[in-house]
Amino acid sequence: MNLVLDIERAPGTGARQHVAGQLRAALLSGQVAAGEPLPSTRVLAASLAVSRGTVVAAYEDLAGEGYVEIRPGSGTFAARELPGAAKVVPQDPAPSTGPRQKAAQPGDTAEISLSPGSPAARFHEDREWVAAWRAALRTPAPPVPPGPAGEAPLRQLIAQHLAAHRGVRCSADEILITAGTSDALGLLVHGLAERTRGRIGATGGKEDPRLRIATEDPGYPAARRVLERLGAEAVPIPLGDGGMDLAALAAAPGPFAAALLTPSHQYPLGGRLHVADRLALIAWAEREDAVLIEDDYDSEFRHGAPALPAVASLDATGRVVHIGSYSKTLTPWLRCGYVVVPDPGLRARMLEVREDLGQPVSGAMQLALAEYLRSGGLRRHLARRGREYAHRRGLVMRALEALAPGVRLAAVEGGLHAVLTWDSGPPSGEVVRALARRSIRVAPLTDYYHPGSPRLRHGIVFGYGAPTDLQLQAALAAIVDELGGCAGGAKGRWGAIQPRGTTPTRTSRCSAARTSAASSSERG
């Protein structure tokens, strides 16, 4: 295939950026039709007088943006959705000063899912994972199922990864392999229930045997449903500075068996619990004879903000249970995670439950993950995805500069999702339904609050990890249209949302929006 590409680079432009830009322009101009193959990396490198590695990197960039599909063993192909997506002008690294892009309308494209927390969907293309999976399948299958704690090699490698990346010092014996966060919480509820019943029986007391677990409000609704499904009481505790409000927790009527936290990237609002507060929570757990459950769901991805130590890394009491999952870092289709339980009594009770229920993660999956960690594949995958998500986060920041200052952007310091909130304006559900009519799926912030919570805030929660750059840009333009923006004086469907008691001019709204986005960027 002969592509018309300019080999002359602009001053200050790197070879990788130049090649990616030329290929992007060729795809958008129609030189390559949807699904057609692109030149091999070796041929294109020779024709452009660059290294093959430069072309490989450019193809990877375009794959991350959704322009091409890389099929191991077959080649690189133009994305099939490119003709429809080509109606959206791609955004350059520098903020655009042109008119706002036309948002996706019903019938233009398929639904764009901004489901919060969903990772990029191309994990199956990772050659190191494919090699690890094949190696696992070649391993002779034992005549017995995996043990209740999981395969020892995987647990050992997870312990090494936690020590290197999260500062958590633990042994392989303290780790249980799970089918994700919900499975880990289920095991914990069973183990804590036995612990609570034993404590009441030993004292001869008549305390309420129900398991009371403090949970963040707003917080992770799926975790709350798991707790309640298994008979525990999820007690709402409001948020303070970066996470669960310690004063509100101390004032809440006990006793508590545990507190469930997302301290490194509060879900969904995105705060970070300060180290002093983490130490105070450990002290609270010791006083209350309770357990801290640390859900470390997406802490691998930080966007400019320095990583804080995991709560488990600060614990010398053995009261912090650390939950991790590969659903956000790799893909939820693996259904695999782990839980670190330093308390030997609690761990023994959880293993008894697992023995009765059976190990839900297949041996082949555990062996494949072990090889993936051992080979360094996970480390390299996290680095690639971290760069990709940081790029997507930049698209979010720039696109939402057009929103009025009454709309606040949060949760962008890490992870895969962001939150927009407003004090006055349309209810969350109306905005979600309006976007659904435009084939864009987001979640209302109200769903994350406990039923009957007096602290409800209007807002939407949306993920930016799974969609392509083109899909994300179209969806963000629709969000700006619905919530009201300042580009070209547009007010959107609901009118420009403003803080209570203010009526800023169009110019002041634009200036304040940019100032707000800039301060968010500094925090990130």
Side-chain angles (χ1 to χ4, degrees), residues 149-150 152 155-178 181 184-185 187-189 191-196 198-199 202 211-216 237 240-250 252 254-266 271-297 299-300 302 305-325 337-351:
R155 291 187 283 117
Q156 183 62 50
L157 287 161
I158 289 174
Q160 294 172 8
H161 180 85
L162 287 173
H165 293 268
R166 299 298 294 131
V168 178
R169 303 288 176 179
C170 62
S171 69
D173 291 339
E174 296 175 29
I175 296 176
L176 282 67
I177 302 301
T178 68
T181 300
L185 288 174
L187 287 179
L188 276 167
V189 170
L192 290 171
E194 291 291 334
R195 177 176 180 264
T196 301
R199 186 171 55 192
L211 205 66
R212 304 182 77 248
I213 298 179
T215 54
E216 297 166 333
I237 305 295
D241 184 14
M244 185 175 286
D245 190 316
L246 275 69
L249 176 62
F256 287 105
L260 174 59
L261 316 165
T262 52
S264 295
H265 191 219
Q266 198 281 327
R272 300 200 302 163
L273 205 60
H274 301 297
V275 173
D277 291 336
R278 296 173 185 230
L279 294 171
L281 276 167
I282 294 173
W284 170 87
E286 192 168 15
R287 288 195 307 271
E288 298 293 324
D289 192 21
V291 171
L292 291 182
I293 305 172
E294 178 182 24
D295 183 357
D296 207 41
Y297 68 102
S299 61
E300 302 280 7
R302 305 300 310 171
L308 289 173
V311 176
S313 72
L314 306 173
D315 177 37
T317 67
R319 294 186 176 276
V320 178
V321 172
H322 185 88
I323 295 178
S325 170
Y338 54 86
V339 56
V340 183
V341 189
D343 183 333
L346 177 58
R347 187 168 66 251
R349 288 187 290 271
M350 293 170 65
L351 283 171

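Values below: all heavy atoms of this structure, side chains included; hydrogens, waters and symmetry mates excluded.
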- Distance col, row Asp343:CG vs Leu192:CG, nearest 0.5 angstrom, shows 9.5 Å
- Message: Just verifying a value: how many Å separate Ile323 CD1 and Leu176 CG, rounded to the nearest 0.5 Å?
- Response: 11.0 Å
- Message: So, taking the atom named NE2 in His274 and the one named CG in Leu279, what distance separates them when rounded to the nearest 0.5 Å?
- Response: 13.0 Å
- Please assess Glu300 against Ser264 for the test side-chain contact (heavy atoms from CB on, under 4.5 Å), listing each intermediate value before the final yes or no. CA-CA 10 Å; Glu300 302 280 7; Ser264 295; over 6 Å; no
- Task: Nearest 0.5 Å please: distance from the CG atom of Leu260 over to the CD1 atom of Ile237.
- Result: 11.5 Å
- Item | Spacing of CG belonging to Leu187 relative to CE belonging to Met350, to within rounding of 0.5 Å | 5.0 Å
- Would you indicate whether the side-chain heavy atoms of Leu351 and Arg347 approach each other to under 4.5 Å? yes
- Residue that, paired with Val340, satisfies side-chain contact (heavy atoms from CB on, under 4.5 Å) out of Val320, Ile158, Ile175: Ile175
- Message: Is a donor from one side chain sitting under 3.5 angstrom from an acceptor on the other, for His322 and Glu174?
- Response: no
- Query: Is there side-chain contact between Arg155 and Tyr338, with at least one heavy-atom pair below 4.5 Å?
  - Reply: no
- Message: Any side-chain to backbone donor/acceptor pair from Glu216 onto Thr262? Under 3.5 Å, distance only.
- Response: yes
- Note on the structure: Rounding to 0.5 Å, atoms CG (Asp277) and CG (Leu261) come to a distance of 11.0 Å
- Query: Are any non-hydrogen side-chain atoms of Arg302 and His265 less than 4.5 angstrom apart?
  - Reply: yes
- Those residues that, when tested against Arg319, pass salt bridge (Lys or Arg N to Asp or Glu O under 4.0 Å) (two or more places apart): Asp289
- Item | Any donor-acceptor N/O pair, Glu294 side chain to Val311 backbone, under 3.5 Å | yes
- salt bridge (Lys or Arg N to Asp or Glu O under 4.0 Å) filter on Asp296, not counting sequence neighbours, yields Arg166
- Query: Closest heavy-atom contact between Ser313 and Gly167?
  - Reply: CB-O, 3.0 Å
- Message: Any non-hydrogen side-chain atom of Leu346 less than 4.5 Å from a side-chain atom of Val321?
- Response: yes
- Any chance you could lay out the side-chain contact (heavy atoms from CB on, under 4.5 Å) test for Leu249 and Trp284, step after step, and finish with the verdict? CA-CA 9 Å; Leu249 176 62; Trp284 170 87; 3.8 Å; yes
